[in-house]
Amino acid sequence: MSTETKQTATKRAVPFRWVAVGIAVVALLLAGVVSYYASANPDGLEYVAGKTGFLDSASEHGAADGPLADYSTKGVDDARLSGGLAGVIGTVLVLVIAGGLALVVRRRSTGSSDEA
Amino acid sequence: MHVPDGFLDAPTSIATGAVAFVAVGVALRGARRELDDKTAPLAGLVAAFVFATQMINFPVGAGTSGHLMGGALAAVLVGPWTGVLCVSVVLIVQSLLFADGGITALGTNILLIAVATVVVGWFVTRVLLKVLPKRVGMVAPAAAVGAFVSVPAAALVFTGLYAVGGTADISLTTLATAMLGWHTVIGLGEAAITFLAVGAILSVRPDLVYAARGVISERDLVIKTKEAVA
C-alpha cells in the first residue's frame, strides 16, 4: 500500500531542489528588487500611533547606526542598490539561521544520537 | 506591526520578553516533531520568504501601509511550532541588524507577530479544514482566512498590552478601534499573499505543505477504493 502511494507521488512530483530554488529566487527578487517599490507610508501601527498621539513615545533604536539599519547598506549611496543589497543579505542570513536551527532541532533519521 | 522601543513600559516589556522566551523554548521542543531531513531546509526557506515579503509594504489607503506578518503562512507550510521559530528568527534579525522593531520590544514583537499570528492563524485554518470537504483545493482558501483573522487578532493583542503597559495616556477605545480597523484591511493583503504562496507550493508539491498532510492521505484512500473517482 505504501509503495503504491510512493509511486504515484514520485511520478508527478517536482524535485524538492526545484521547489527550494523557486522559493529562494522569489525571496531574493522580492528583497533585492521589488522592495525598492514598496510603499514608504507608515505601517498600520505607526499610523495609528501618529493619529492617536503616542508616536513620540518611541525612542531611538539601539541599533540605529548599524551597517544595515533601516534596510539600507551603509556606504552604498545608490538607494536602489543600498536597499537591495540589505534585503539580499537579510534574506540569506535568515535562510542560514532558520534553516540551521531547523536542522539542529529536527528528528535524525538514525535516532541513536539523541542529545536532548 | 513592529513595536519600537518606548511604546510599552519596562515591566510590560520584561513580561512579554519572558513569555516570548518560554514560547520559543516550547516551540523548539514542538518543532522536533514537525521537522525531518526534508522539512528542515523548507523551514529555512519559509523564514527567508517571510523576511523578504515583510519588506514589501503595500499601501492600504489614507497614507498607511501594511506588510505580511507571515505567522499563518509559516504555520500552514511547515507546522505551527516551526512557524513560531521561523518568524522569531525573522524578528530577531530585523531588530538587531535592521533596526526594525525595538530591541527591548523584541519579546513584545515575538509575542505579537510570531506567537499570536501563528496561534490564531493555525487554529482558524485547522477548524476550517475540519469542517470543509477533505480536498487539497480547500487548503489555500482555509489558510487565507486564517491569515486574514490573524492580523486584527494581533492588533487586539497589542491593544491589550498597551492597556496594561502603554507609556502614553490615550483613549483605549480609540486605540482599539483604529488598530482593529486598519489591521482588518491589512489582513486582506495578508490573506492574498498567503493564498498565493500556499497555492503555489500546493500546485507543485502538496506533500510539502504541512496543513495538507491529513487531506492528502485521506484523498489517497478514496482513490484506492476506485469508487469515488469520477
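So that the names make sense, note that chain A is the first sequence line, chain B the second, and so on, each numbered from 1.
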A/Thr91 side chain vs B/Ala52 backbone, donor-acceptor pair below 3.5 Å: no
Chain A interface, residue from B/Val185, B/Thr104, B/Val78, B/Ile56 that has the most non-hydrogen pairs under 4.5 Å: B/Ile56
With a 4.5 Å heavy-atom cut-off, do B/Asp37 and A/Arg106 have their side chains touching? yes
Looking at B/Val60, B/Thr53, B/Val93, B/Asp100, which makes the most heavy-atom pairs under 4.5 Å with chain A? B/Asp100
Top of B/Gly66, B/Pro4, B/Ser95, B/Ser171 for chain A proximity - count of heavy-atom pairs under 4.5 angstrom: B/Ser95
About how many Å separate CG of A/Asn41 and CG of B/Asn57, when rounded to the nearest 0.5 Å? 8.5 Å
Is A/Phe16 close to B/Leu42 at the side-chain level, that is, under 4.5 Å between some pair of heavy atoms? yes
If I take atom CG from residue A/Asp43 and atom NE2 from residue B/His183, how far apart are they, to the nearest 0.5 angstrom? 6.5 Å
Output for pair (B/Leu85 CG, A/Ile97 CD1), nearest 0.5 Å, gives 13.0 Å
Note: vs chain A, highest number of non-hydrogen pairs under 4.5 angstrom among B/Ala155, B/Pro59, B/Cys86, B/Ala43 is B/Pro59
Looking only at heavy atoms, the pair that brings A/Ser57 and B/Phe7 closest together is OG-CD1, 3.4 Å
Check A/Gly87 against B/Met55 and note the closest heavy-atom contact, atom names and distance. CA-SD, 3.6 Å
Among B/Ile92, B/Leu96, B/Leu208, which residue has the highest count of heavy-atom pairs closer than 4.5 Å to chain A? B/Leu208
Which pair of heavy atoms, one from B/Phe49 and one from A/Ala27, lies closest together, and at what distance? CA-CB, 3.9 Å
If the plane angle is over 60° it's perpendicular, under 30° parallel, otherwise tilted; pick one for A/Tyr71 and B/Phe98. parallel
Option that, when pairs with chain B are counted at under 4.5 Å, heavy atom only, ranks first among A/Gly44, A/Ala86, A/Gly100, A/Gly66: A/Gly44
Please examine the side chains of B/Thr64 and A/Val48, heavy atoms only from C-beta on, and report whether any two atoms are closer than 4.5 Å. no
Here the pair of heavy atoms bringing A/His61 nearest to B/Ile103 is CE1-CG1, 3.6 Å
Note: vs chain B, highest number of non-hydrogen pairs under 4.5 angstrom among A/Ala64, A/Ala31, A/Ala102, A/Ser39 is A/Ser39
For A/Arg107 against B/Glu34, the heavy-atom pair lying closest together: NH1-N, 4.1 Å
Using side-chain contact (heavy atoms from CB on, under 4.5 Å), reason through A/Val105 and B/Arg32 one step at a time and then give a plain yes or no. CA-CA 5 Å; A/Val105 170; B/Arg32 199 177 152 74; 4.2 Å; yes
Please give me the minimum heavy-atom distance between B/Ala48 and A/Leu95, naming the atom from each residue. CB-CB, 3.9 Å
Output a table of donor-acceptor pairs, distance under 3.5 Å, between side-chain atoms of residues 186-199 of chain B and any protein atom two or more places apart or on a different chain; print 'none' if there are none.
| unit_1 | atom_1 | unit_2 | atom_2 | d |
| --- | --- | --- | --- | --- |
| B/Glu190 | OE1 | B/Met69 | N | 2.7 |
| B/Glu190 | OE2 | B/Met69 | N | 3.4 |
| B/Glu190 | OE2 | B/Gly70 | N | 2.8 |
| B/Thr194 | OG1 | B/Glu190 | O | 2.7 |

Of B/Leu8, B/Thr167, B/Leu175, the largest count of non-hydrogen pairs under 4.5 angstrom with chain A goes to B/Leu175
Working to the nearest 0.5 Å, report the span between CG of B/Leu77 and CD1 of A/Ile23. 7.5 Å
